[in-house]
Amino acid sequence: MKQHAVYPNLFSPLDLGFTSIKNRVLMGSMHTGLEEADDGFPRLAEYFAERARGGVGMMITGGISPNMEGGFGAKLSTPEEAKDHRLVTSAVHAVDPDIKICMQILHAGPLAGTSSCVAPSAIPSRIARMVPNELDETGVQKQIDDHVQCTKMAQLAGYDGVEIIGSAGYLLSTFLVEKTNQRDDQWGGSYENRMRFPLEIMRRCRAEVGENFILIFRIAAMDMLQGGMSWDEVVLLAKEMEKAGATIISTHFTWHESTVPTIATMVPRAAFAGVTGRLRKEIKIPTITSNRINMPDVAEQVLVDGHADIVSMARPMLADAELVNKAFEGREDEINTCIACNQACLDHTFGGKSVSCLVNPRAAHETLLNYRITASPKKIAVIGAGPAGMSYATVAAQRGHHVSLFDAATEIGGQFNLAKQIPGKEEFYETLRYYKRMLEIHKVDVRLNTTVSAEQLKQDDFDHVVVATGITPRTPEIEGIDHPSVVSYIDVIRGNCEVGQRVAVMGAGGIGFDVSELIMHSGVSGALDRDVFAKEWGIDFENHPRGGVTGVKPEIAKADREVYLLQRKSSPVGRGLGKTTGWTHRISLAQRGVKMLNGLEYHKIDDQGLHISTDGMPEILEVDTVIICAGQLPKRSLFDEVTTMGMSATLVGGAFEASELDAKAAISQASYLAADI
Ligand code: FAD
Ligand code: NAP
Ligand code: SF4
């Protein structure tokens, strides 16, 4: 087979002896929520088939429990349940029998969240509600048997293999770590004993399924726990897994209860691949690496550096099902890049909602949202080229409508041009690149520096007007709001105003947090530099103390400022941020010394500073700058004008609703509306 000119490693097959994988790209396991839904399996089948058509070499399903006690989701233990899975495996193999689809077996152990949850010892996880039931000898044997039965049923269902998760704080990993395994029988005590449970599962599964079935073990190569696994323990486990019959070792980099971000957008691309690389040198079977590998050049470099044999790109495959084909065909500028926001994927999973993707609302909704060619093309004007306007214009034009996109600004992107300037949010540049290319490809007539009037739109004879003019920042009604010390977040982010040494940020929503991060930042963004990131979060990649973090003190470069981040609500500051990333922002600001105050009232702003009170106790924050981040109001006067003139019009994004607005809502709403016109 001829080598690929740009990605020779990525597009080389991997020989597993009894079979081979056609390229080195894996879609790693992600729970979608469809696994449990009534109409879930037909939807899952289409979700996986779309990614199979997109060129991926191997895919792993979301976690499936081997029994009732292991699950917060679907279970597989009977031939009846295996029938559902047949839909998925048949759909994938119908696209290309060479594409591998494996099922992840996930026994959540103490994280199952039910009263029947089990663990080696009755020790609750920091993040779980339940104290797990300690397994007795019969219970341990049952869990092993159930893993074997689940693997057998996965084989019956037509999967090419299974991945058994042995990380993240789920059952298998709790046997490995002393903190969660306090047993003194053959399953606890020495490391040899603590490894016995996962190794026994691997041995028994191999014996059950024969040689020609892929068995992947997912290991916590760096569990990010104080007192977690040592490097020697990680290596020994991987070697023993190899002997026990594993085909591939997949590396994972966290337990859910860790307080170090490992997949959020502030994590540099491929930050953890080097850890896999070190493990790869110790074993003979192939390794998979993962985490923040979101573009083909990053994946290729990981392989060139010898860090892994297979690169897992999980969320990137939600963002763009065609990522692999686009890379193969030299269409990298058309890739819709995962920005690692977690807003529509992991936040949904942990919020009990079905998964999608902020930049691609079709993800896991392939049977519900389709961009079909229109039978009656319309002439459409879209006003405002923020996320809502860009999405609407792209989808409508893709469907064959004639679309003109107007924006008063000099560049497309709306508020994404502010977001991209926040340290740790550099991935927003990729979304802007993607939309620019989509607008070109679908021949949208983009008119920047242009404010159109309702009259003009009428004169130009548009069939439909889409008002996507976004928002106007809210100006709170406080005495002294026009004081010279008061500035807007827009001017601060754009660098249009001075910010003093002592600052009050009024409003602690997403933007208040981002602005505080920006003004407290100093030096290179950790997202762009692995050493800076490691220092900020106390990770020692070189020496790998236990968990990668034990005893390592974070070192933060920060601006010489005193910052107060303020809100009137009495709930903890930052409570409304994303479920799976909010804590990273709160820790980051706390480490930079930002003082977060809640439950307060604003009285006035004058030369002395910002006058507030908490529980009736007055106080003056002697600040020289007050940055207003107090939410937003819809900007929709154009809609009123065009509808008054009798034109057909739609409101989208912030212009439609500012209070619950974020980019996820804006892009999703615009895409659904444009799919339907
Ligand atoms: P906008 O992005 O505001 O776009 C409106 C566009 O309309 C602008 O380009 C404007 O120039 C144009 N316009 C306005 N009036 C006219 C007119 N009369 N004629 C022509 N053009 C006009 N959301 C998230 O989901 N996740 C995040 O991490 C995130 N981070 C953010 C960080 C920052 C610093 C900021 C400021 C916002 C962030 N957001 C985030 C919010 C997100 O960017 C907005 O929800 C989203 O941009 C709203 O999209 P929109 O298209 O409705 O409006
Ligand atoms: P927001 O989340 O609504 O927060 C606005 C803040 O202003 C609140 O803390 C509110 O708290 C305060 N406020 C509201 N009215 C006020 C008033 N009259 N006077 C003083 N304070 C007032 O809005 P945002 O921060 O502007 O963000 C806009 C959107 O972008 C949000 O939907 C957000 O989710 C999204 N975004 C997301 C991210 C992300 O990382 N996911 C980042 C940035 C932005 P009190 O009323 O309690 O004071
Ligand atoms: Fe990536 Fe955000 Fe989409 Fe999740 S929602 S796949 S993190 S872009």
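Numbering of ligands and ligand atoms starts at 1, following listing order. These numbers were taken from a predicted model, which means no experiment stands behind them.
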Task: Within-4.5 Å side-chain heavy-atom neighbours: M647 and D463 - done: no
Open item on the list: Any heavy-atom pair between the side chains of R474 and Q632 that's under 4.5 Å?
Closed with: no
Open item on the list: Can you classify the ring geometry of F350 versus H256 as parallel (below 30°), tilted (30 to 60°) or perpendicular (above 60°)?
Closed with: perpendicular
Cationic N near anionic O, under 4.0 Å, [X] to [Y]:
X	Y	value
R433	E426	no
R43	E46	no
R447	D445	yes

- [ ] Would you mind listing every side-chain hydrogen bond (donor to acceptor under 3.5 Å, both in side chains) that reaches into residues 385-397, with sequence neighbours excluded?
- [x] S391-Y435
TODO: Please assess E163 against S29 for the test side chain to side chain donor-acceptor pair (under 3.5 Å), listing each intermediate value before the final yes or no.
DONE: CA-CA 9 Å; E163 175 178 85; S29 174; 5.0 Å; no
Open item on the list: Is it the case that the side chains of D347 and T580 hold a donor-acceptor pair, with the cut-off being a distance below 3.5 Å and no angle test?
Closed with: yes
- [ ] Would you tell me whether E427 and N294 have side-chain atoms, one donor and one acceptor, within less than 3.5 Å of each other?
- [x] yes
Hey, what polar pairs (N/O, under 3.5 Å) does ligand 1 make with protein?
unit_1   : atom_1 : unit_2 : atom_2 : d
ligand 1 : 2 (O)  : Q415   : N      : 2.9
ligand 1 : 3 (O)  : Q415   : NE2    : 2.9
ligand 1 : 9 (O)  : D407   : OD1    : 3.3
ligand 1 : 9 (O)  : D407   : OD2    : 2.6
ligand 1 : 11 (O) : D407   : OD1    : 2.7
ligand 1 : 15 (N) : K635   : NZ     : 2.9
ligand 1 : 21 (N) : A408   : N      : 3.0
ligand 1 : 23 (N) : A663   : N      : 3.3
ligand 1 : 25 (O) : Q343   : OE1    : 3.4
ligand 1 : 25 (O) : Q343   : NE2    : 2.9
ligand 1 : 25 (O) : A663   : N      : 2.7
ligand 1 : 26 (N) : Q343   : OE1    : 2.7
ligand 1 : 28 (O) : K425   : NZ     : 2.6
ligand 1 : 30 (N) : K425   : NZ     : 2.9
ligand 1 : 45 (O) : A663   : N      : 3.4
ligand 1 : 51 (O) : P387   : N      : 3.3
ligand 1 : 51 (O) : A388   : N      : 2.9
ligand 1 : 52 (O) : G654   : N      : 2.7

Task: Contact residues of ligand 2, where a non-hydrogen atom lies under 4.0 Å away - done: Q343, K425, R474, P476, G507, A508, G509, G510, I511, D514, Q567, R568, K569, Y602, C629, A630, G631, Q632, L661, D662
Open item on the list: Is there a side chain to side chain contact (heavy atoms under 4.5 Å, CB included) between Y602 and L566? Walk through the geometry before answering.
Closed with: CA-CA 10 Å; Y602 305 117; L566 310 173; 3.5 Å; yes
Open item on the list: Consider side-chain contact (heavy atoms from CB on, under 4.5 Å). Of I490, V487, T625, which one does C497 pass it with?
Closed with: V487
Task: Check: V492 main-chain N/O paired with N496 side-chain donor or acceptor under 3.5 Å - done: no
Open item on the list: Residue by residue, ordered by chain and number, which ones reach under 4.0 Å of ligand 3 with a heavy atom?
Closed with: R315, L318, C338, I339, A340, C341, N342, A344, C345, C357, L358
